[in-house]
Amino acid sequence: MNQKEIGLLVLRLGLASVFLWFGFSQLTNGIAWVAWVPEWAVQLLHIPPAMIVLGNGLFEVIAGALLALGFFVRPVAVLLAIHTAIIVFEIGFTAIGVRDFGLLTGLIALALISQKN
Amino acid sequence: MKLLSIILGFIIILGVGGLVFIPKNSQTEAMSVSGKGSETNSQVESSNSTDTQSTPTTPSSPTTSPAPVVTSTPSGISANVIAAHNTRSSCWSSINGSVYDLTSWIPNHPGGEKAILQLCGIDGSQKFNSQHGGGEKQLMMLSGFKIGVLAQ
């Protein structure tokens with residue numbers, strides 16, 4: 001295991017733990033996240049915000065688990081990068097938005113340097 | 001290499017899952033054995049560090065949080081009144097000239113309880129603005145907790 005592989009593993013597991021935490025949190029305490037659902041998402045999907053939170057939580061748990069296990073790393077990282085980019089755009093230039101922008105750059109880096117599965 | 005990666009992945013999944021689930025269970029246990037108390041700010045910090053909760057809380061969205069009965073003068077709620085609500089069970093804060101009851105938001109804040117607990121009983125304008133300044137969504141959510149204006 002060379003230095004690049006260790007770096008990639010650290011990046012992958014670190015990002016996976018973030019999405020797993022937020023995903024599990026949305027599944028177990030969805031009501032706390034309802035207020036974050038954008039109005040356009042409700043109008044677009046025509047489902048209650050609580051269901052959007054649960055769906056989003058499930059997506060993040062599955063994506064986080066795939067990242068953690070090292071399966072489909074590149075496509076999952078691309079999907080999560082798109083997902084995070086939407087969140088960053090929605091939140092705007094705040095402390096949380098800047099933090100998520102950092103996560104976004106990490107995901108892009110992971111997508112770029114991980115091997116094709 | 002691949003096997004090690006998968007094992008580490010499982011550890012991460014179980015570890016993070018445990019972090020999310022276990023504190024909730026321990027809070028429930030703590031809630032079932034403790035009664036309603038009147039904590040000071042230092043006690044709030046103390047209970048925060050020991051991961052206990054003195055008052056059972058029901059998660060609610062900002063828009064559904066009931067507005068408490070506030071005894072305020074026509075000119076607004078004074079800083080002294082706000083300072084008296086410096087506990088986890090009653091957490092008021094003044095932010096940019098308005099007064100908010102953030103009690104129901106404590107267990108629901110995505111950034112963690114501590115971020116809200118440190119605002120209880122004080123003027124939280126600087127902390128809120130530095131963290132969320134300009135964020136329309138945060139301002140909209142905050143408005144759901146408004147109970148009055150700060151007395152001049």
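By convention in this document, chain letters (A, B, ...) are assigned in the order of the sequence lines, proteins followed by strands, and residues within each chain are numbered from 1. What you are looking at is a predicted structure, and each value in this text was computed from that prediction instead of being measured.
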task: Determine whether more than 12 heavy atoms belonging to other residues, nucleotides or ligands lie under 6.0 Å from atom CZ of Phe59(A).
output: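 Buried by this count: over 12 neighbours within 6.0 Å.
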
- prompt: Can you tell me if CD on Glu5(A) sees more than 12 non-hydrogen neighbours from other groups inside 6.0 Å?
  reply: yes

message: Working to the nearest 0.5 angstrom, can you tell me the gap between Leu20(A) CG and Ile12(B) CD1?
response: 8.0 Å

For the student: nearest non-hydrogen atoms of [X] and [Y], plus distance:
X: Ser5(B); Y: Leu69(A); answer: OG-O, 4.2 Å
X: Phe24(A); Y: Ile13(B); answer: CE1-O, 4.0 Å
X: Ile91(A); Y: Gln138(B); answer: CG2-NE2, 4.4 Å

Any link between [X] and [Y] through a network of hydrophobic side chains (Ile, Leu, Val, Met, Phe, Trp, Tyr) touching at under 4.5 Å?
X: Leu15(A); Y: Val10(A); result: yes
X: Ile62(A); Y: Val76(A); result: yes
X: Val78(A); Y: Ile86(A); result: yes

query: Given side chains that start at C-beta, do those of Ile6(B) and Phe71(A) come closer than 4.5 Å, heavy atoms only?
result: yes

